[in-house]
K.L.:
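Before I ask anything, let me first share the structure, which is written out below as structure tokens.
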Number of protein chains: 2
Amino acid sequence: MAATLHDVAKQAGVSIKTVSNVVNGYTNIRPETRARVQEAIDDLGYQPNLSARSLRSGKSGVIGLVLPELSLSYFAELADAVIARAATHGLVVLVEQTGADREREIAVLSSPRMRLTDGLIFSPLGMGQEDAGFLEVDYPVILLGERIFGGPTDHVTMRNVEAARAATELLLAAGRRRIAVVGAHRDETLGSAALRLEGYRQALEAAGVDYDPALVSFTTLWHRANGAASMRALLESGVGFDAVFGLNDALALGAMRVLQEKGLRIPSDVAVIGFDDIDEAQYMVPSLTTVDPGRTAIAETAVDLLVERLALGGREAPRREILVDFDVIARESTPG
Amino acid sequence: MAATLHDVAKQAGVSIKTVSNVVNGYTNIRPETRARVQEAIDDLGYQPNLSARSLRSGKSGVIGLVLPELSLSYFAELADAVIARAATHGLVVLVEQTGADREREIAVLSSPRMRLTDGLIFSPLGMGQEDAGFLEVDYPVILLGERIFGGPTDHVTMRNVEAARAATELLLAAGRRRIAVVGAHRDETLGSAALRLEGYRQALEAAGVDYDPALVSFTTLWHRANGAASMRALLESGVGFDAVFGLNDALALGAMRVLQEKGLRIPSDVAVIGFDDIDEAQYMVPSLTTVDPGRTAIAETAVDLLVERLALGGREAPRREILVDFDVIARESTPG
DNA sequence: TTGAAAGCGCTAACAA
DNA sequence: TTGTTAGCGCTTTCAA
């Protein structure tokens, strides 16, 4: 049986309160008392019971991270950064996967399973603007991504439109005019896909290049396999193109694989650019030009905002909308 | 303020025990009572307080997953599978990263931060056989990996030696005789690196091929970057080789990148095989021949074993050592 | 500076 | 079938 505050108090010949004070590092304790208590703690191998502490204090020291799936490299690297940052605040992270499914995303927000977290970092992929109401919960939520804007919570996101525009402009600057897009979503006006497509269109328009819908291929989840399938469809459709904008890196890498299967050279025949700057992008052949959307900054900002909310202890504070900076990283898959 | 059992009981005009019974799905309740209680629960939006439940019952419904880092695709995919399997048991997963650092691995085992987990799935990379004693803790631990054998806990691992031997044999069968190894660790007799190297040596010996230490390159963490660096060193050393065994996929992919930079053709000049079968392996150009070490089976077995231990409620049971099956998956990076 | 005691919300033993 | 009650281990007033 694990030792409790009582056991320590008895052994040290002090009251339970004094032990608690020592454990929690309060200052006003006579040094010899502290020493005696500490000795008893070490002796008994006392470890505080976090459930009891949490019940009493209303805080568990656990935050939740809700994301589509860890098998998507972007989210794995995001989770890595979130957990690392949380650790610097003394917080641990409970990770939930939703499979990008709207129902599961909504369910997790009111799930008793998540009730022992003090707050949530929430990255939906299935919910849409019309679901913003579900974010009204009685614990702090930091929203990530671009499925919902102007919701009731803090929000950390990237400059999708500007970044996608910059990516497209890099291709245009290289003289490419027939730029295919892999990964668009149908009937969306919000979400990463829609926003990045918007950036693409803005860049075309600014350059005086016509938008050709035949160059845009649609898919659902942004896996490598879907990038490969989309590229096959584009090639079979016979529509000509001299560049590809993968709306994320996994799509771009899947597409690149198919281009090379078909004997097309990158970047001379077809230039390729991605989005996310996942680690593997730089080890491909050719290495993938991409956009660093500020993933680490997003993760760290999200944790920091959540910690601030937690410190508020439920008091109201204006919601914040944070946009992190991006970077276009030129590698071998684009000319120049 | 969130509703409690008391509030629900008052509203429904029953005792707190009855509400508890309804919440926990006990059977012996009159239907109309149940209905009345359920109505009050819905009405008040009652959600059980998990800290209180956990304090009282001694179980939190949370398991811990301790791994080196989520940025390594192997561990991201492992975590994905662990979380998914845990969900089928109604458990949530707290993820901790150790950075493959021995001190941090040891620390996490006795960390109060992990005290609210019911048990741990523990995948060390820094600890060694001599640290087995640290695994003697008063909660269930399922050990993963091959750093410690014969320890006090259940253990789920892969057939490293046999799988590495099979991988090497595939290269030998293709007529390769100068097989370089990327990712070996110095002065190790245990651990994935040592075991896979052992499998490599066994295959060579069985085929009557001499072991040439000059073909073995050493590194630390199994990142793509280290695979690339090792391959550069091998090429600069001038030692001739016609095949490469990357001790994991990330290393193999990093190596493959450098081979192609240098204008070597895969597999005609140099065949490449990896280990792990991470998702991206099949989208490389050429796609990577590799070993599927049974990652999903490991994850699911680990969760199931932990759930069994949890059900035991601390009663003794013989420790188990589980070896999952592997598969060699031939793709384009090897001939034939 | 330290102690006594209440109570966080729940489960489970026991009673009715 | 339902109610009463003790107490899990801790933090936190309030008092000494």
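Keep in mind the model is a prediction, meaning the values are calculated, not measured. Labels below follow one simple rule: chain letters A, B, ... track the order of the sequence lines, proteins then strands, and each chain is numbered from 1.
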K.L.:
Taking 4.0 Å as the cut-off, does a side-chain nitrogen or oxygen of S57(B) come that near to OP1 or OP2 on dT11(C)?
P.N.:
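So the side-chain polar atoms of S57(B) never come under 4.0 Å of the phosphate oxygens OP1 or OP2 of dT11(C).
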K.L.:
Identify, residue by residue, the members of residues 47-56 of chain A with a heavy atom below 4.0 Å from DNA chain C, and return them in order of residue number, or none.
P.N.:
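Correct list: L55(A), R56(A).
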K.L.:
In whole angstrom, give the distance that lies between atom CG of N24(B) and atom C1' of dC10(C).
P.N.:
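Taking CG of N24(B) and C1' of dC10(C), I get 9 Å after rounding.
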K.L.:
Can you tell if the side chain of D279(A) reaches within under 4.5 Å of the side chain of H223(B), non-hydrogen atoms only?
P.N.:
no
K.L.:
Within less than 4.0 Å of OP1 or OP2 of dT1(D), is there a side-chain N or O belonging to T33(B)?
P.N.:
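Looking at the OP1 and OP2 atoms of dT1(D), neither is under 4.0 Å from any side-chain N or O of T33(B).
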K.L.:
Return no unless some side-chain N or O of N21(B) is found under 4.0 Å from OP1 or OP2 of dT2(D).
P.N.:
no
K.L.:
Starting at atom CD1 of I16(B), determine the distance to atom P of dG7(D), rounded to an integer number of angstrom.
P.N.:
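Distance check: I16(B) CD1 to dG7(D) P gives 16 Å.
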K.L.:
Tell me, do V93(B) and V95(A) make a side-chain contact under 4.5 Å, heavy atoms counted?
P.N.:
no
K.L.:
Taking the side chain as every heavy atom from C-beta outward, state whether M127(A) and F122(A) have any atom pair closer than 4.5 Å.
P.N.:
yes
K.L.:
So does S15(A) get a side-chain nitrogen or oxygen closer than 4.0 Å to the phosphate oxygens (OP1/OP2) of dG3(C)?
P.N.:
yes
K.L.:
Given atom CG of L44(B) and atom C1' of dG9(C), what is their separation to the nearest angstrom?
P.N.:
15 Å
K.L.:
If I take atom CG in residue L5(B) and atom P in nucleotide dC8(D), what distance separates them, rounded to the nearest angstrom?
P.N.:
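Distance, rounded to whole Å: 19 Å.
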K.L.:
For R36(B) and dT2(D), what is the distance between atoms CZ and C1' respectively, to the nearest whole Å?
P.N.:
11 Å
K.L.:
Do Q38(B) and D42(B) get their side chains close enough for a donor-acceptor pair, meaning under 3.5 Å?
P.N.:
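Result is yes, a qualifying pair exists.
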K.L.:
Starting from C1' on dC8(D), measure out to CG on L116(B) and report it in whole angstrom.
P.N.:
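Whole-Å distance recorded here is 15 Å.
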K.L.:
Between H89(B) and D304(B), is any pair of side-chain heavy atoms under 4.5 Å apart?
P.N.:
yes
K.L.:
Is any side-chain heavy atom of Q129(B) closer than 4.5 Å to one of F149(B)?
P.N.:
yes
K.L.:
Are any of the side-chain heavy atoms of F134(B) and E105(B) separated by less than 4.5 Å?
P.N.:
no
K.L.:
Between C1' on dT12(D) and NZ on K59(A), what's the gap in Å once rounded to a whole number?
P.N.:
16 Å
K.L.:
Should E146(B) and M158(B) count as side-chain neighbours, where that means a heavy-atom distance under 4.5 Å?
P.N.:
yes
K.L.:
To the nearest Å, give me how far apart NZ (K10(B)) and P (dG9(C)) are.
P.N.:
12 Å
K.L.:
Quick one: bend of the helix from dT1(C)-dA16(D) to dA16(C)-dT1(D) from 5 pairs per end, to 10°?
P.N.:
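What I find for the helix from dT1(C)-dA16(D) to dA16(C)-dT1(D) is an axis angle of 30°.
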K.L.:
For R320(B), is there an ion pair with E308(B) - N to carboxylate O distance below 4.0 angstrom?
P.N.:
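Salt bridge present between E308(B) and R320(B).
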